[in-house]
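The chains referred to below are lettered A, B, ... by the order of the sequence lines, with proteins before strands, and numbering in each begins at 1. Just so you know, these numbers use all the heavy atoms, side chains as well, and skip hydrogens, waters and symmetry mates.
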Amino acid sequence: MSVTLNRIGLARDAYKGAATTLCAGCGHNSITNHLIKALYELGVEPHRLAKMSGIGCSSKTPAYFVDSAHGFNGVHGRMPALTTGAKLADRDLIVLGVSGDGDTASIGLGQFMHLIRRNLDCTYIVEDNGTYGLTKGQFSATADVGSVQKRGTVNTYEPIDLCTVAITLGGTFVARSFSGDGKQLVPLLKAAIAHRGVAVLDIVSPCVTFNDHEGSTKSYEWVKEHEEAIQDPSFIPYYEEVQVDYEPGTTTDVRLHDGSHLVLRKLHELDHDPTDRAAALKVVEDGRRTGQLVTGLLYVSPEAEDFSTREKLPEQPLRDLGEDDLRLTRGQFAEVMSELA
Amino acid sequence: MSVTLNRIGLARDAYKGAATTLCAGCGHNSITNHLIKALYELGVEPHRLAKMSGIGCSSKTPAYFVDSAHGFNGVHGRMPALTTGAKLADRDLIVLGVSGDGDTASIGLGQFMHLIRRNLDCTYIVEDNGTYGLTKGQFSATADVGSVQKRGTVNTYEPIDLCTVAITLGGTFVARSFSGDGKQLVPLLKAAIAHRGVAVLDIVSPCVTFNDHEGSTKSYEWVKEHEEAIQDPSFIPYYEEVQVDYEPGTTTDVRLHDGSHLVLRKLHELDHDPTDRAAALKVVEDGRRTGQLVTGLLYVSPEAEDFSTREKLPEQPLRDLGEDDLRLTRGQFAEVMSELA
Amino acid sequence: MSDPIVNDLTFQAATVNGSGSQSSNSVLMRAIFKMGIPVAPKNIFPSNIEGLPTWFQIRVSPEGYMARKGDPEVLVALNPATWAADLKGVRPGAAVVHEAAYSTANAREDVFYYPVPFTQLAKTKIDNDKLRKQLLNMIYVGVVAKLLDIPLEAIEHGLKRHFQAKPKAVPINLDAVKVGMDYWDENLQKQDAHRLVPMQGKTDGLILVEGNQAAALGCLMGGCTVASWYPITPSSSLCEYIGTYADRFRVDPETGEKRIAVVQAEDELAALGMAIGAGWAGARAMTSTSGPGISLMAEFTGLAYYAEVPVVIFDIQRIGPSTGLPTRTSQGDLAFVYNLSHGDTKHLVLLPGTVEECYSFARDAFDLADRFQTPVFVLSDLDLGMNLWMTKPFEYPEQPFDRGKVLDAAAIEKLQGDWGRYRDVDGDGVTYRTLPGTDHPLAGYFTRGSGHDEDARYTESGEAYARNMDRLTRKFETARSAVPAPIVDAKGSPVAVIAFGSTVNAVEEARVRLREGGLEVDFLRVRALPLSKAVTDFVRDHERVYVVEMNRDGQLYDLIRLHLPSDLVGRLSSIRRYDGQPIPADAITRPILELEAVPAS
Amino acid sequence: MSDPIVNDLTFQAATVNGSGSQSSNSVLMRAIFKMGIPVAPKNIFPSNIEGLPTWFQIRVSPEGYMARKGDPEVLVALNPATWAADLKGVRPGAAVVHEAAYSTANAREDVFYYPVPFTQLAKTKIDNDKLRKQLLNMIYVGVVAKLLDIPLEAIEHGLKRHFQAKPKAVPINLDAVKVGMDYWDENLQKQDAHRLVPMQGKTDGLILVEGNQAAALGCLMGGCTVASWYPITPSSSLCEYIGTYADRFRVDPETGEKRIAVVQAEDELAALGMAIGAGWAGARAMTSTSGPGISLMAEFTGLAYYAEVPVVIFDIQRIGPSTGLPTRTSQGDLAFVYNLSHGDTKHLVLLPGTVEECYSFARDAFDLADRFQTPVFVLSDLDLGMNLWMTKPFEYPEQPFDRGKVLDAAAIEKLQGDWGRYRDVDGDGVTYRTLPGTDHPLAGYFTRGSGHDEDARYTESGEAYARNMDRLTRKFETARSAVPAPIVDAKGSPVAVIAFGSTVNAVEEARVRLREGGLEVDFLRVRALPLSKAVTDFVRDHERVYVVEMNRDGQLYDLIRLHLPSDLVGRLSSIRRYDGQPIPADAITRPILELEAVPAS
Ligand SMILES: Cc1ncc(C[n+]2csc(CCOP(=O)(O)OP(=O)(O)O)c2C)c(N)n1
Ligand SMILES: Cc1ncc(C[n+]2csc(CCOP(=O)(O)OP(=O)(O)O)c2C)c(N)n1
Ligand code: SF4
Ligand code: SF4
Ligand SMILES: [Mg+2]
Ligand SMILES: [Mg+2]
């Protein structure tokens with residue numbers, strides 16, 4: 001049996017993690033698998049990866065991929081701050097955050113928004129099941145109006161649409177997808193990782209135990225019936241040649257900062273321009289109105305400056321700097337002292 | 001000297017508070033005065049008013065109006081939770097929250113958003129100066145890109161537009177105004193108080209001490225030059241007869257839940273329909289793009305159910321219920337005990 | 001076969017969570033209870049929804065001991081992942097019911113094996129495809145019933161009781177139970193000594209209730225009208241029970257109006273904030289959480305302390321620090337909660353030790369909060385809160401609510417303005433408040449977490465500040481004798497134990513064991529902070545006092561040391577256990593025996 | 001006229017904040033310092049930007065006492081709102097310079113009045129319309145210079161020093177000073193006894209620096225590369241100083257690259273979270289806050305403790321609870337910070353007492369955090385942090401950074417995989433970590449706040465949990481002797497004081513006073529938690545030990561009581577002051593004299 005190695009010579013197995021402890025059939029497990037595929041195919045160096053998360057079933061998943069990478073399972077809703085700090089310390093890290101809808105849209109909403117505002121270079125995945133899986137099925141703030149809890153309660157509060165929030169805050173890469181749609185999700189994940197700046201992926205990921213019943217709008221059934229993909233994406237990494245072979249006018253080509261391309265093939269009539277913020281908001285809002293789950297790359301701004309750049313951090317990771325780089329020289333120190341005299 | 005009494009027989013003085021301790025010329029003081037006028041003219045009963053706030057110069061202002069009303073100056077950024085609790089306890093209270101841009105857009109962002117999502121019946125005023133006044137002039141998250149701090153630092157981060165946030169969350173009354181524009185602000189304040197549901201007013205309110213210099217986009221100078229009012233509002237309370245006498249097509253009449261009317265006279269060509277969410281987002285976004293400060297009533301949904309209604313609270317305030325209303329009867333209690341046997 | 005051991009065993013089912021074994025365990029437990037035999041169930045579950053090891057223990061004893069006892073005498077082993085460890089853990093002579101496929105080669109020889117081909121039986125004997133996985137567990141109910149002599153009627157009762165809400169499930173499950181019984185009859189024979197025999201007079205009139213459920217009832221009976229919370233194990237069920245009971249008992253059947261607001265907040269900061277806002281406006285308000293939530297509530301707690309707003313806060317403790325072991329029990333928040341928040345803060349903390357106290361302390365906490373206008377904490381724990389406990393039915397409260405010192409419009413009018421929110425009129429540190437909405441021009445005042453004087457005016461005066469802080473100390477001293485007093489059981493022995501909370505069961509059992517060994521040990525159970533004078537008296541009356549608790553740092557031990565006059569401090573020793581499991585009696589007897597140097601009997 | 005009192009006075013200017021008096025006070029203080037006379041300035045300001053009363057005190061003494069002394073001998077009264085109280089507060093014989101318009105009818109007769117028509121003078125003698133309000137304050141500099149004999153050159157020096165950044169302001173201000181001098185010459189005459197005379201050898205080579213400024217320098221010299229913070233008084237200036245110094249010394253002049261990230265976070269939770277994320281990834285990271293922020297940092301602190309992530313947290317204390325008095329000083333966070341977060345947590349807490357220690361403890365805190373892989377708190381306070389203090393120039397560090405036990409790829413390779421993140425290889429409780437980005441397939445591990453075993457694997461095992469918690473205790477014990485040791489000054493007296501932090505100045509002064517009265521008092525200054533064994537030894541060597549601190553509840557007193565063997569506990573007494581003002585010496589001498597029953601000299 002021959003094992004296929006990726007461009008850095010690693011087998012797919014090198015991207016696996018511990019065995020999952022999630023429920024069989026949980027959408028989160030599918031996302032883990034899609035992530036493994038994306039990271040393997042991209043040839044991400046495991047030691048450069050930092051897997052960050054909050055608390056929840058979703059937040060457990062970083063333990064289930066790329067075992068040899070560092071990971072940090074923090075506290076509930078506060079992954080963004082930890083992620084920001086880690087990236088400040090070492091801007092070479094490929095920072096990948098995994099969160100849940102409870103983790104992000106309730107307790108973590110403020111941090112989520114401020115992370116986006118800073119355009120921190122990271123991938124931020126929300127495994128969105130409309131419920132609190134780990135605490136056994138309470139509504140989360142992404143549950144739709146009219147959606148029914150397992151014990152029968154009906155939600156009457158407007159959901160917080162995380163993509164809308166991300167777009168209005170100037171998020172520079174905003175996509176929605178579905179855990180069951182690997183064909184769409186894997187290229188989006190690759191592009192998110194390649195993107196310089198914050199990449200937010202709101203991925204509907206059914207909770208089979210607490211939110212997969214009739215009346216839920218986050219069930220497999222519902223999503224399969226209501227998903228409306230706006231594009232068919234393909235990812236071409238910077239180290240491969242672009243060989244686009246589509247009919248003109250049928251695709252949009254997004255060139256990412258590192259030279260990779262995300263080629264979006266048009267589906268249906270809708271011709272969504274993913275660099276148009278207002279259009280992005282409209283496509284989501286239209287979906288909301290018609291009860292569809294619009295998926296695909298909603299918005300991207302590939303060349304916006306990321307946090308480290310705006311903060312003028314040096315090329316060399318801050319944490320690698322030593323006494324000589326960091327201490328005032330004796331002369332400078334004496335200067336300060338004499339100013340204080 | 002004759003004193004004019006309002007419809008409940010109170011003089012304007014009854015709506016005054018302690019002497020302000022804010023800087024002379026602070027925008028917040030003007031807002032306080034506009035509030036006094038609005039409350040006096042509306043004839044709000046002081047004892048039914050609950051003045052809520054967080055921490056900051058802005059959050060001090062509830063002490064400066066309606067001295068005889070109850071007030072609660074809580075902790076930084078958490079006014080929404082206190083307000084929600086107070087309203088749950090007594091749905092008859094007229095709950096008025098005053099906050100700052102630091103208080104709301106940074107530490108309090110999550111609570112602000114969840115309060116809106118719940119459509120709590122209250123008025124939420126943000127006295128927005130783009131800076132942290134009380135802690136001496138740091139940027140707040142509403143500071144515009146390119147806006148310059150007093151000591152010269154330039155802001156590079158996208159501002160959080162509180163109106164956009166409120167609209168996307170389904171806020172049912174969202175307006176922007178300017179502390180110096182009493183003609184616009186007073187009717188908006190009255191309408192906000194009359195509105196059943198959350199009324200968010202983002203009021204630009206210059207900080208003369210730390211953010212009124214050149215390069216600031218929250219200075220008197222800047223706002224005067226860039227304010228673009230979209231309507232000229234008049235408020236007609238439910239207890240007065242509607243006597244609209246405008247040319248047809250020049251006004252929009254918003255009927256609020258309590259029977260009051262907010263009549264919006266069209267300015268310029270722009271014919272903004274304040275019940276159209278998408279239009280509301282667009283008018284703000286257009287302003288952003290052209291560097292104008294769009295003011296006026298952006299969005300309203302006068303008949304949306306408020307939190308107390310959705311939570312099915314009784315007419316009588318919860319806090320007035322006694323043993324007989326609240327304890328299980330002896331029979332019910334015995335029933336529960338026997339179920340547990 | 002040795003002499004029968006009757007009604008004295010710990011049953012343990014080792015399964016995989018999410019597989020449906022909870023129902024089986026519940027049925028067994030209820031069946032035994034029905035036989036008149038005292039039961040003490042403990043659910044040991046992982047922080048996970050499906051697929052990880054979980055255990056359920058039922059301690060059975062004629063005396064009705066409710067403490068955990070490790071090392072079961074009867075094991076049902078249905079989890080291959082823990083099979084080896086589970087087997088290792090049972091006592092010599094134990095009955096081990098296990099999936100026949102598990103190897104017993106080279107296994108212990110001091111136990112009795114009852115292999116049952118559960119998977120096989122489920123496949124062949126259970127028709128219902130959908131429910132097969134769950135019904136498999138009912139097979140072991142049948143096997144265990146036979147093994148221990150549980151009559152079929154008792155099992156039937158258990159099934160009916162467990163499936164109260166969906167009676168249709170009873171026959172299907174009963175069929176599966178019978179599969180197990182039949183298998184026993186055809187293939188197995190009793191070898192071990194353990195069995196159950198119906199008893200009289202031990203469980204009559206008792207109920208089984210979880211601490212959180214009891215606390216929820218307490219909240220409703222205490223007049224709670226605002227419950228705001230954020231989900232967290234092991235506290236979630238408290239507010240969920242409030243919701244469930246409120247839907248039954250607080251809803252007007254005609255209008256659908258609900259005489260309570262149960263709000264799922266966006267986080268713990270908001271949860272407590274809402275409760276404080278409601279408490280300020282005069283409602284009886286509570287929130288409930290666990291360790292991480294307590295940490296997040298620190299700032300708001302300080303506000304309520306300093307601005308003097310009544311609010312009730314439940315902390316159903318799990319083991320920290322940080323996320324820790326979310327489904328394991330602990331008493332590790334005591335010290336932190338007692339002075340939660342920066343600056344000089346001190347709080348009233350109620351420490352229920354029984355489900356009855358979960359009920360009555362929850363109920364009375366609202367009176368205390370109103371009387372002292374301050375946060376009142378109720379510290380329970382996972383063991384107490386989430387397990388079922390036998391208890392006498394709770395008493396219906398005969399007292400009206402005590403709303404504390406609240407002035408209405410008439411009272412304000414009578415005072416002619418001679419009123420100040422923070423004036424200590426009565427000398428007890430407790431001042432008079434008014435509620436928003438009070439229709440009197442002098443009723444309003446401004447509440448704040450910053451410096452204020454007697455009349456609630458803003459001040460930065462150091463003298464006013466210190467005066468106010470001293471009054472808060474005075475108020476705290478007043479409260480010291482108003483919170484639940486310790487329970488003392490002293491027989492004049494020079495040796496004693498002090499404990500609090502759910503360890504009471506282990507302590508009581510340890511005392512029996514020690515007495516059997518000739519050592520009488522007196523007992524004081526602390527039921528609240530601040531500590532009572534009675535604690536000092538008790539220590540004065542004893543030469544050696546062991547402070548028993550479930551945390552690493554000896555938090556109650558420290559609080560008592562600070563409470564005692566210095567000449568008594570040396571009398572205390574600390575006994576601590578912190579492995580996340582409810583403390584067993586022998587974790588108390590052993591160190592005491594060692595330190596007392598009395599040879600174990 | 002009585003005998004002259006030379007170089008021994010407290011000067012106080014009572015003004016309105018936002019009016020520009022800060023410059024005048026600074027000029028006066030620098031002028032006196034230039035005369036070679038020790039100064040100890042204290043700024044007493046309101047939580048407000050403009051319009052409320054503010055005071056500035058300069059204590060002058062030949063001995064260089066730096067503690068606050070109430071009751072000034074020289075008053076400049078420029079705030080009508082506080083005029084009456086200000087006048088009441090001065091000592092008999094004081095010089096009272098006041099706006100001539102204020103009434104002195106029926107005023108005290110035991111002081112000397114110097115009425116000056118400031119407003120009038122400003123109107124007529126100062127041309128600059130825009131700056132008139134501010135320059136008015138410079139007039140009193142001139143008056144006071146004449147009153148106390150401060151030479152013009154000293155004033156000129158003060159002006160130059162204060163307006164270092166904008167030298168153009170010097171002549172304009174000097175003109176205003178001269179208005180005051182001229183007014184004195186023409187209208188007033190010295191009546192009181194207080195004056196200043198240049199001194200030698202007392203201030204030579206000393207610098208004046210704020211504690212927060214010193215701490216900022218310490219952070220930079222300690223290699224801090226990530227500073228995330230949220231504004232709050234009195235801590236803001238610490239990170240603002242870091243920013244300012246970093247702009248000068250950490251920016252590459254060519255590329256503009258900055259060798260530090262100073263991030264204004266959205267709140268305190270995020271501020272600490274960022275610092276922890278950075279510490280985890282190997283940066284030296286800090287945050288700085290004050291009481292309310294500390295409360296908000298509880299949850300994240302517990303994570304860093306339990307997951308063992310290095311981070312440095314400054315708490316510049318102000319007086320709580322809650323918002324409290326935001327611009328008043330306190331030592332009220334000690335107990336709360338020491339076991340911040342739920343569950344069993346205990347932290348390393350450094351307690352600087354001088355600006356030099358603000359510098360060196362800040363610097364060394366990063367080493368300690370890295371060595372012990374845990375949060376290290378530095379507890380300063382408003383008095384220390386925001387006031388200027390005389391001190392010797394700081395020493396340049398000669399040691400390299402101690403990054404603690406970090407394994408790089410080569411080290412991991414050498415271990416051949418025989419590495420576990422939480423294995424206690426050295427028996428000191430401190431384990432080896434790797435940093436993200438380490439290019440070795442065995443370097444990665446998973447950090448979590450939930451249960452983990454020696455190899456950082458998730459576990460719910462009670463045994464593994466307890467083992468880990470015990471190791472954390474062991475680590476804490478190792479750290480006990482690594483944190484700054486107490487400073488002991490013992491002369492064999494049976495009476496002693498223990499104190500910490502900024503009270504050191506008052507204690508030292510009190511000791512002199514007591515010695516003058518015949519009572520020698522030994523002194524131990526605690527400089528860190530956990531407490532050192534030296535504290536026990538010290539108490540053993542003394543019969544009566546007074547614990548002095550600035551909080552209501554005697555927090556250090558309690559910690560020491562818990563630290564001592566029980567037979568020594570009775571030796572302690574508690575002396576507390578909590579009015580938001582730095583404790584004066586007589587708040588220590590008085591209770592000690594009372595309790596020692598030695599008649600005051
Ligand atoms: C501060 C705090 N509050 C509450 C919890 C309990 N808790 C654990 S996971 C969770 C919600 C998880 O929901 P989500 O993020 O949607 O993840 P899911 O399990 O649905 O994937 C909560 C409330 C916690 N761990 N910490
Ligand atoms: C938890 C906490 N963090 C920080 C502070 C310090 N603080 C007081 S006011 C304020 C900002 C106020 O800004 P804003 O809300 O915009 O009010 P403004 O003064 O500008 O009106 C801050 C950070 C605090 N009081 N509490
Ligand atoms: S409970 Fe739901 S979210 Fe959690 S693992 Fe199971 S299916 Fe997934
Ligand atoms: S500092 Fe700014 S915000 Fe505060 S009172 Fe002064 S002008 Fe107003
Ligand atoms: Mg979820
Ligand atoms: Mg502001």
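Shortest non-hydrogen contact noted between C:A283 and B:A89 is CB-CB, 3.5 Å. Taking each heavy atom of C:P436 and B:D90 in turn, the nearest pair found is O-OD2, 4.1 Å. Between C:F401 and B:G322, the shortest heavy-atom contact is CE1-C, 3.8 Å. Nearest heavy-atom pair across C:V263 and B:R118 is CG1-NE, 4.2 Å.
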> After noting the C-alpha distance and the side-chain angles of B:L328 and C:R250, does the key distance pass the side-chain contact (heavy atoms from CB on, under 4.5 Å) rule?
Replying inline: CA-CA 8 Å; B:L328 281 68; C:R250 284 277 185 88; 5.9 Å; no
>> Assess the residue pair C:L217 and B:M337 against the criterion (side-chain contact (heavy atoms from CB on, under 4.5 Å)); give the C-alpha distance rounded to whole Å, side-chain angles, the decisive distance to 0.1 Å, and a yes or no.
In response: CA-CA 10 Å; C:L217 279 170; B:M337 287 305 117; 3.8 Å; yes
> Would C:E266 and B:M113 satisfy side-chain contact (heavy atoms from CB on, under 4.5 Å), going step by step from the backbone distance to the final call?
Replying inline: CA-CA 10 Å; C:E266 59 272 32; B:M113 291 175 69; over 6 Å; no
> Would B:H47 and C:H440 count as a side-chain contact (heavy atoms from CB on, under 4.5 Å) if you check the C-alpha gap in whole Å, the side-chain angles of each, and the deciding distance to 0.1 Å?
Replying inline: CA-CA 7 Å; B:H47 77 272; C:H440 193 286; over 6 Å; no
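At a threshold of 4.0 Å, the pair C:E398-B:R330 counts as salt-bridged, since one of the basic side-chain nitrogens sits closer than that to a carboxylate oxygen. A salt bridge links B:E339 to C:R248: at least one charged side-chain nitrogen sits closer than 4.0 Å to a carboxylate oxygen.
Taking the side chain as every heavy atom from C-beta outward, B:L82 and C:F300 approach each other to under 4.5 Å. Residues C:M221 and B:R327 form a side-chain contact, since some pair of their non-hydrogen atoms from C-beta on lies under 4.5 Å apart. The closest side-chain heavy-atom distance from B:L326 to C:L220 is not below 4.5 Å. Looking at B:E311 and C:V262, their side chains never come closer than 4.5 Å, going by heavy atoms from C-beta outward. Taking the side chain as every heavy atom from C-beta outward, B:T21 and C:Y458 never approach each other to under 4.5 Å. For the pair C:V226/B:L318, a side-chain contact is recorded, criterion being any heavy-atom separation below 4.5 Å from C-beta on.
Listed by sequence position, B:P62, B:A63, B:S68, B:A69, B:H70, B:G71, B:F72, B:N73, B:G74, B:V75, B:H76 are the residues of residues 59-76 of chain B in contact with chain C, using a 4.5 angstrom heavy-atom cutoff.
The structure places CG of B:L313 at 8.5 Å from CD of C:E257, a figure rounded to the nearest 0.5 Å.
Listed by chain and residue number, B:M79, B:D103, B:T104, B:Y124 satisfy the side-chain contact (heavy atoms from CB on, under 4.5 Å) test with B:S99 (two or more places apart in sequence, or in another chain). For B:Y132, the ring pair (Phe, Tyr, Trp, His ring centres under 6.0 Å) criterion is met by D:Y230, not counting sequence neighbours. By the ring pair (Phe, Tyr, Trp, His ring centres under 6.0 Å) test, C:F33 pairs with no residue at all, sequence neighbours left out.
With chain B as partner, the option from C:L388, C:L435, C:V251 having the largest number of non-hydrogen pairs under 4.5 angstrom is C:L435. The candidate with the highest count of non-hydrogen atom pairs below 4.5 Å against chain B, out of C:P393, C:G449, C:P400, C:G223, is C:P400. Most heavy-atom pairs under 4.5 Å with chain B: of the set C:A275, C:P397, C:G279, this distinction falls to C:P397. Comparing B:T84, B:L321, B:D325 by heavy-atom pairs within less than 4.5 Å of chain C, the highest count is held by B:D325.
For C:E395, the CD atom is loosely surrounded, since the number of other residues' heavy atoms within 6.0 Å does not exceed 12.
For the pair B:R78 (side chain) and C:G273 (backbone), a donor-acceptor distance under 3.5 Å is absent. Using modelled atom types, no side-chain atom of C:R284 and backbone atom of B:R319 make a donor-acceptor pair closer than 3.5 Å.
Between C:Y245 and B:F333, the distance separating the two ring centers is not shorter than 6.0 angstrom.
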